[in-house]
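First the structure, in the form of structure tokens, and then the observations on it.
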Amino acid sequence: MIGCILVVNQVGDAFVQKYYRDEVSTNAPEAFRYSVIAAKDTRSPIKSIAGTSFLYIQENDLYFVAVSRHNVDSIAVFELLHKLVKLLKSYFGGYIDEEVLRKNFILVYELLDEILDYGYAQITEPDALKLWVTQKGEISAEKLQKNLTKITARTTGAMPWRGDDIKYKKNEVYLDVIESVNLLMSTQGNILQADVSGKIVMKAYLTGMPECKFGINDRLLLANEAKTGKARTARANGIALEDVTLHPCVRLGKFESERTVSFVPPDGEFELMSYRITENIQLPFKVISNVKETGRNRLEAEVTVKSYYPQSLFSTHVKIVIPTPKNTAVCKCVIKGGGKAKYNSDVGGILWKISRFPGQTEAVLRASIELLASSTLEEKAWSRPPISMEFQVPMFAASGLQIRYLRVVEKSGYETIKWVRYLTKGGNYLHRI
């Protein structure tokens, strides 16, 4: 249970203070200012001071702090703080700062009254709260009664994330599979560490209360289908999902038993699920480097980048950073295969940009690097930081995840335009020199 909520600026002024329980001292803002902000202690988002726990997140130079004197569930508290930020953004045009909150003190405190009751979380969904807490604070008696009915249904029903009066002329649904590839490769070309962090984002513009369902090539599902004769291969294209997180709208029972995602979606854009993959990752790129010293103050570098996704696809916004020593004076680059490269001191090396990189091709950069002569006797050896890479590959999933089908059923029987898109991005994509 939460004793109070604080919103604190960078200088330690708690300009929003909402107390829910008397057990929290009014000196809590001062304790947070001296122990966290003044001490610049950002190693942990949890600080315990004299039996009082301060749990906080940051948003646009503001600290959103939950204070409690009990052994609370920290994950639940952080989830509440993030939902509070999301709620405030939904009321104030997607952006919040100190000036915005100060100009809307009455609305901010009204929202804090609604989301917590005696320290326990209540309504946090923006769509549900907007039926009751209006921006201008003005509402007619007829509309009030209508909204009260909706509020009761939304807060006590099984689907508080969606209203029953949503209408669209054109019913569309977008399913985006967005993955981030993390890689650490040795100088010999061996994979030291690789994983994919993915999420499925949905944009639902659907009328009424539609029932959505889609299936993926999950290894457990394909294995069950192989046993029953529905599928011939169980593991050929199956993936093993780890650390799966689902939106509250997803029916957990069906996901656990059938490995299908069945749900009634919220209106608009939301993150449906997130996951992690550590096996059978299809690496989109591989970097081969050869950096050698040709003299005391001279380096020769050759970097080859190969793409391994299908030839019909291409990558965009490709950026490759090839580190060089800090005392680099002159760097001359010759490129074969596309792109532009030049030395950039801000990134600490050669910045190679390629706007469009087709699949099953390669590009080569050769660089001649001249170094400034060191005037100190103690010259430290160059640590050879890894080559880093950023990219975006549309319609490619590095994990091998596939949306096998997507169905939308609504009692009125309307037709739905369905889109499924894939995007793979570079996370910490590193190759050692």
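Every heavy atom of this structure was used, including side-chain atoms; hydrogens, water molecules and symmetry mates were not. The model shown is predicted, which means the values in this text are computed figures rather than measured ones. Nothing fancy with the numbering, it's 1 onward along the sequence.
For the pair T424 (side chain) and V393 (backbone), a donor-acceptor distance under 3.5 Å is absent. Within the 3.5 Å criterion, the main-chain N or O of G208 finds a donor-acceptor partner in the side chain of R162. Side-chain atoms of E172 do not come within 3.5 Å of backbone N or O of L206 as any donor-acceptor pair. With hydrogens and angles ignored, the 3.5 Å screen pairs no side-chain donor or acceptor of Y429 with any backbone N or O of I387. Side-chain atoms of Y63 do not come within 3.5 Å of backbone N or O of I37 as any donor-acceptor pair. Remark: the backbone N or O of Y118 is paired with a side-chain donor or acceptor of R21 at under 3.5 angstrom. The main-chain N or O of Q402 is found under 3.5 Å from a side-chain atom of N217 such that the two form a donor-acceptor pair. When atom types are taken as modelled, the side chain of T316 and the backbone of S355 share no donor-acceptor pair closer than 3.5 angstrom. In terms of modelled atom types and a separation under 3.5 Å, the side chain of S25 and the main chain of N27 share a donor-acceptor contact.
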- Message: side chain to side chain contact (heavy atoms under 4.5 Å, CB included) for L62 and L101? Distances and angles first, verdict last.
- Response: CA-CA 11 Å; L62 295 178; L101 297 184; 4.0 Å; yes

- Task: Give the intermediate values and the outcome of side chain to side chain contact (heavy atoms under 4.5 Å, CB included) for residues L107 and F92.
- Result: CA-CA 10 Å; L107 180 57; F92 304 132; 3.5 Å; yes

- Query: Going through the checks in order, is the side chain to side chain contact (heavy atoms under 4.5 Å, CB included) test met by I322 and V291?
  - Reply: CA-CA 10 Å; I322 305 164; V291 180; 5.5 Å; no

- Task: Any chance you could lay out the side chain to side chain contact (heavy atoms under 4.5 Å, CB included) test for E410 and T207, step after step, and finish with the verdict?
- Result: CA-CA 8 Å; E410 212 275 336; T207 302; 5.9 Å; no

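Aromatic pair F314/Y309: ring centres not closer than 6.0 Å. Aromatic rings of F270 and H247 (six-membered ring for Trp) have centroids within the 6.0 Å cut-off, being under it. Taking the ring centroids of F357 and F391, they lie at or beyond the 6.0 Å cut-off.
For the atom pair CG (L87) and CD1 (I115), the distance works out to 6.5 Å, reported to the nearest 0.5 Å. The distance from the CD1 atom of I57 to the CG atom of L81 is 5.0 Å, given to the nearest 0.5 Å. Taken to the nearest 0.5 Å, the OG atom of S274 stands 10.5 Å off from the CG atom of L241. Note: Y414 OH to N171 CG = 4.5 Å, rounded to the nearest 0.5 Å. Considering CD1 of I354 and NZ of K319, their distance stands at 12.5 Å, rounded to 0.5 Å. Note that the CG atom of D97 and the CG atom of N9 stand 11.0 Å from one another [nearest 0.5 Å].
Looking only at side-chain heavy atoms (C-beta outward), K47 and F32 stay at 4.5 Å or farther from each other. Using a 4.5 Å heavy-atom threshold, the side chains of K425 and Q392 count as touching. Side-chain atoms of Y405 and T260, non-hydrogen and from C-beta on, do get closer than 4.5 Å to each other. V321 is not listed as a side-chain neighbour of E390, based on a closest heavy-atom distance of 4.5 Å or more. Between L88 and E59, every side-chain heavy-atom pair lies at or beyond the 4.5 Å cut-off. Here the side chains of P210 and P265 are in contact, with some heavy-atom distance below 4.5 Å. Between L55 and S74 the shortest side-chain heavy-atom distance falls below 4.5 Å. Using a 4.5 Å heavy-atom threshold, the side chains of C249 and L272 count as touching.
Scanning all heavy atoms of the two residues, the minimum distance from M395 to L313 falls at O-CD1, 3.5 Å. Closest approach of G338 to W352, counting heavy atoms only: O-NE1, 3.4 Å. Here the closest heavy-atom approach between residue G427 and residue S180 is recorded as CA-OG, 3.4 Å. Contact detail for S289 and I433: the closest heavy-atom pair is OG-CA, 3.8 Å. Residues A398 and E179 share a closest heavy-atom pair of N-OE1, 3.0 Å. In terms of heavy atoms, I417 sits closest to K170 at CD1-CE, 3.4 Å.
With L84 as the fixed residue, the side chain to side chain contact (heavy atoms under 4.5 Å, CB included) test singles out one of L111, T124, L112: L112.
No donor-acceptor contact under 3.5 angstrom links the side chains of S186 and R432, judged on distance only. Side chains of Q58 and Y56: no donor on one and acceptor on the other come within 3.5 Å.
Environment of CZ in R356: sparse, with no more than 12 heavy atoms of neighbouring residues, nucleotides or ligands closer than 6.0 Å. The local environment of CG in D73 is crowded, with over 12 non-hydrogen atoms from other residues, nucleotides or ligands closer than 6.0 Å. In K18, the NZ atom is crowded: over 12 heavy atoms of neighbouring residues, nucleotides or ligands sit closer than 6.0 Å. Other residues, nucleotides and ligands contribute over 12 non-hydrogen atoms within 6.0 Å of the CG atom of N60. Under a cut-off of 6.0 angstrom, the local environment of OH in Y34 is sparse, with at most 12 non-hydrogen atoms contributed by other residues, nucleotides or ligands.
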Under 3.5 Å, which donor-acceptor pairs do the side chains of residues 188-202 form with other protein atoms, sequence neighbours left out?
{"from": "D195", "atom 1": "OD1", "to": "N182", "atom 2": "ND2", "distance (Å)": "3.1"}

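Contact check on R251 versus E258 returns no salt bridge, with no Lys/Arg side-chain nitrogen under 4.0 Å from an Asp/Glu carboxylate oxygen.
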